[in-house]
Structure formats: C-alpha cells, structure tokens
Amino acid sequence: MLINKHILDDKYIFELASIFKEKGWIIEESTDDEYSIFDLFCERLQSLESDSDRDLIMELTKNYLVVNVDEYCKYLMKVFKNFIEDNKYLLDDLDTIHIFPIQDKDYFDKTKSGNIICYFLQGIPFRKFSVFRDKRVRLIETFSGLEKHKDEIKTLILVDDFVGSGDTALACINTVEEKGITKDKINVLTLVLQECGKKAVEGYGVPIYASVIKNKAISDNYEHKEAEKKVEQMKKISKQIRVKEHNLYLGYKESEALVTMNKTPNNTLPFYWYEGKKDGNIILAPFARRNNVGVDT
C-alpha cells in the first residue's frame, strides 16, 4: 500500500480510505498482475500541483457513483418498476412489449452497453412483474429488426446503462424514427442518467426514466461565483493530467459527471479516467476508460 511508501501525504490516504470504505469500494494492494484502484487514485492525487487541487478532488469523490455489473439487475428492477407504475394504462393494452438497446447507427458493430441490459431483462427477477409474465417481450437488437416489426410496435422501450449528454440517445431515437416508428411510441430507460441528458431527451418529447439521476458535479452544487472558480480549477487539473481534447476538460459536452459503470463514460470528469502520456509512458487512472480492448467482426 502507498501509505508505506510515503508517496502521498497520510491525511489524503486516510481520507481516501474512509471514502472507499463508506462506498464499499475494495482497497486492494497492487501486484505484478493486477493494479490497485486505490493506489492508482493516490498516485494521481499526488501528481496534482497543489493541496487545493487535491482537496477539490476529495470533495467531489464523496459524490462519485460506481455501479458494478453485479449491481445492474438491482438498478434495472428499480427503473422498470418506476416505468411500469407510470404506464400501467399503456401496458394493459399491449400484447407485446418491444425493447431495443440504444446504439449508434454509424457504429452498428460496436459492443453496446444496452445489450447488457437486454440480457438482464431475460432473467428470472423480471418474471415478478406481471407485464413480463403475462405478455410477450420481444428484444430487437438491430435497426433492420425494428424496420421488420415496425407495424407491430405500439410501444418501444430503448434501454442503456447510462445516458450522459443525451447525444447518443437522441441519435438513436432519430434513427428509430427513420425506420418508421414515431417518437410518441418511444420511452427511454437507463440505470443512471445525467440531468443534462434528461433535459435533452425530454426536450425532444420522449419520456426518460432512470434509477439514479446525477447533476453536474460542480456547476449544480456550488454558488455561481464559487462554481465558476472551481470549474476553472478543474480545467487546470485536466491540463495537469495531459488531457489533449479541450472539449473533455469537464467531461464530454461539459457533463461534469461523477459516474463509473461497467465502463467509465467520457462524460465523467477526466481526472478519474483519462490516461495521457508522460515521457512515453501512460499515466494510469483509477477508473480507466481504455481503448486497448477492441472487438473484431
């Protein structure tokens, strides 16, 4: 553990350990075969230029959300319960519920997090819901499949594990509309949702449901002048860890998210996931979002 190596001041190590314990995050030791998230977090904190920067990160981390895959079913049960309670009148008239994973038409062969949600929906826990027990549930995973069944679809549920800015969800909705399914038939369900994504999707006229809704980490949680100061401080922190893309300094579309799902979305503040390079070496991040794992088709 880094506490024995004096890499970071003890006060930050103890405070971070307290946060990990409170959130139920495992504190493990690094080995030759496996990185320790805790150690990587400490190393990244130490890389910052000032205690003021470290204090801001510690403050923000208290509101950080990590949803592991083994928790997905619990979150999914909650959001479906909310959706069913709001739409009993609609569901009563259906013979078949159609469900489609949110995806990008330009990257149709990309591994989609929405497919994970579709997999969980086939599980036993959902048989407790009468709509899953008494009605047919049709999972459609391609846009061509949507086009094939468009005349049968009365209600279409788009699913994903996370919606950030809402860009991908809206692009998917637009493509669904191109396939002949009007937006008044569409609902979006996601495990975790950024408030900015909620506004974007609902502003387009499509209802969206989530188990957890998160607001912007800085802009929505501090008084205006203090928020402006901390936003600039966060941009400076992003520069320190060598974030090249200016549009990612506060997360994609300035979402200021504090979220890690099975994969960390780029809406999250880059301190937690971005891995730049220094002297030819990758600067490792605690909740890394790496591009070295690919899927061939």
> Partners of Lys154 by side chain to side chain contact (heavy atoms under 4.5 Å, CB included), sequence neighbours excluded?
Leu94
> Going only through I, L, V, M, F, W and Y residues with side-chain contacts under 4.5 Å, is there a path from Leu158 to Leu90?
no
> Less than 4.5 Å apart, any side-chain heavy atom of Ser238 and any of Leu248?
no
> Does one hydrophobic cluster hold both Leu269 and Ile19, with members joined at side-chain heavy-atom distances below 4.5 Å?
yes
> On a heavy-atom basis, which atom in Val206 and which in Val188 lie closest, and how many Å separate them?
CG1-CG2, 3.9 Å
> Evaluate the side-chain proximity of His246 to Tyr249: yes if any heavy-atom separation is below 4.5 Å, no if none is.
yes
> Check Asn82 against Ala210 and note the closest heavy-atom contact, atom names and distance.
ND2-O, 3.9 Å
> Aromatic contact between Phe287 and Phe271, with the criterion being ring centroids under 6.0 Å apart: yes or no?
no
> Tell me whether Gln240 contacts the main-chain N or O of Glu49 through its side chain, where contact means a donor paired with an acceptor under 3.5 Å.
yes
> Would you list the atom pairs, donor with acceptor, under 3.5 Å between side chains in residues 191-201 and any protein atom, with sequence neighbours excluded?
from: Gln194; atom 1: NE2; to: Ser255; atom 2: O; distance (Å): 3.3
from: Lys198; atom 1: NZ; to: Glu202; atom 2: OE1; distance (Å): 3.1
from: Lys198; atom 1: NZ; to: Glu202; atom 2: OE2; distance (Å): 3.2

> Without swapping roles, check the side chain of Glu275 against the backbone of Ala285 for a donor-acceptor pair under 3.5 Å.
yes
> Determine, step by step, whether Asn266 and Tyr274 satisfy the side-chain hydrogen bond (donor to acceptor under 3.5 Å, both in side chains) criterion, reporting the C-alpha distance in whole Å, the side-chain angles of both residues, the deciding distance to 0.1 Å, and the verdict.
CA-CA 8 Å; Asn266 64 0; Tyr274 191 92; over 6 Å; no
> Taking the side chain as every heavy atom from C-beta outward, state whether Asp51 and Lys11 have any pair of such atoms under 4.5 Å apart.
yes
> To the nearest 0.5 angstrom, please state how far the OG1 atom of Thr175 sits from the CD1 atom of Ile181.
11.0 Å
> Search all heavy atoms of Asp160 against all heavy atoms of Gly114 and return the closest pair with its distance.
OD1-N, 3.4 Å
> Is there a side-chain contact between Pro101 and Ile117 (heavy atoms, below 4.5 Å)?
no
> Do Asp53 and Gln233 have side chains that approach each other closer than 4.5 Å (heavy atoms only, starting at C-beta)?
yes
> Consider side-chain hydrogen bond (donor to acceptor under 3.5 Å, both in side chains). Of Thr168, Thr190, Asp161, which one does Ser113 pass it with?
Asp161
> Can you pull out every salt bridge (Lys or Arg N to Asp or Glu O under 4.0 Å) where at least one residue sits in residues 222-235? Sequence neighbours excluded, please.
Glu226-Lys230, Glu232-Lys235
> Does atom CD of Glu254 have more than 12 heavy-atom neighbours, drawn from other residues, nucleotides or ligands, at distances under 6.0 Å?
no
> Looking at every non-hydrogen atom in both residues, tell me the closest pair between Cys118 and Leu139 and how far apart they are.
O-CD1, 3.5 Å
> Given a cutoff of under 4.5 Å between side-chain heavy atoms of I, L, V, M, F, W and Y, with clusters grown through shared members, what are the other residues clustered with Ile283?
none
> side-chain hydrogen bond (donor to acceptor under 3.5 Å, both in side chains), that's the test. Do Asp167 and Tyr252 meet it? Break it down for me.
CA-CA 10 Å; Asp167 281 6; Tyr252 178 72; 2.8 Å; yes
> If only atom types and distance count, is the side chain of Ser211 paired as donor or acceptor with the main-chain N or O of Leu76 below 3.5 Å?
no
> Between the side chain of Glu256 and the main-chain N/O of Asp220, is any donor-acceptor distance below 3.5 Å?
no
> Quick check: does any side chain N or O of Lys185 sit under 3.5 Å from a backbone N or O of Ile153, one acting as donor and the other as acceptor?
yes
> State plainly whether one hydrophobic cluster holds both Phe129 and Tyr119, where clusters connect Ile, Leu, Val, Met, Phe, Trp and Tyr through side-chain heavy atoms under 4.5 angstrom apart.
no
> Would you check if the side chain of Arg138 reaches a backbone N or O of Thr96 as a donor-acceptor pair within less than 3.5 Å?
no
> Any donor and acceptor pair, going by atom type alone, linking the side chain of Glu152 with main-chain N or O of His149 inside 3.5 Å?
no
> Please determine whether the number of non-hydrogen atoms from other residues, nucleotides or ligands lying under 6.0 Å from atom NZ of Lys148 exceeds 12.
no
> Please round to the nearest 0.5 Å and tell me the distance separating atom CD1 of Ile157 and atom CD1 of Ile140.
11.5 Å
> Output a table of donor-acceptor pairs, distance under 3.5 Å, between side-chain atoms of residues 56-67 and any protein atom two or more places apart or on a different chain; print 'none' if there are none.
from: Glu59; atom 1: OE2; to: Tyr222; atom 2: OH; distance (Å): 2.5
from: Thr61; atom 1: OG1; to: Ile57; atom 2: O; distance (Å): 2.6
from: Thr61; atom 1: OG1; to: Tyr272; atom 2: OH; distance (Å): 2.9
from: Tyr64; atom 1: OH; to: Val259; atom 2: O; distance (Å): 3.4
from: Tyr64; atom 1: OH; to: Thr260; atom 2: OG1; distance (Å): 2.6

> Sort out for me which residue in Phe80, Tyr75, Phe83 forms a ring-ring contact (aromatic ring centres under 6.0 Å, His included) with Tyr209.
Phe83
> Which pair of non-hydrogen atoms, one from Pro125 and one from Cys73, has the smallest distance, and what is that distance?
CG-SG, 3.8 Å
> Compute the ring centroids of Phe100 and Phe143, then answer whether they are less than 6.0 Å apart.
yes
> Can you sort out the partners of Trp273 under ring pair (Phe, Tyr, Trp, His ring centres under 6.0 Å), two or more places apart, ordered by chain and number?
none
> With a 4.5 Å cut-off on side-chain heavy atoms, are Arg54 and Leu8 touching?
yes
> What's the separation between atom CD in Glu141 and atom CG in Leu146, rounded to the nearest 0.5 Å?
11.0 Å
> Donor-acceptor pair, distance only, cut-off 3.5 Å: does the side chain of Glu28 make one with the backbone of Ile37?
yes
> Where do Met234 and Ile218 come nearest, in terms of heavy atoms and distance?
CB-CD1, 3.9 Å
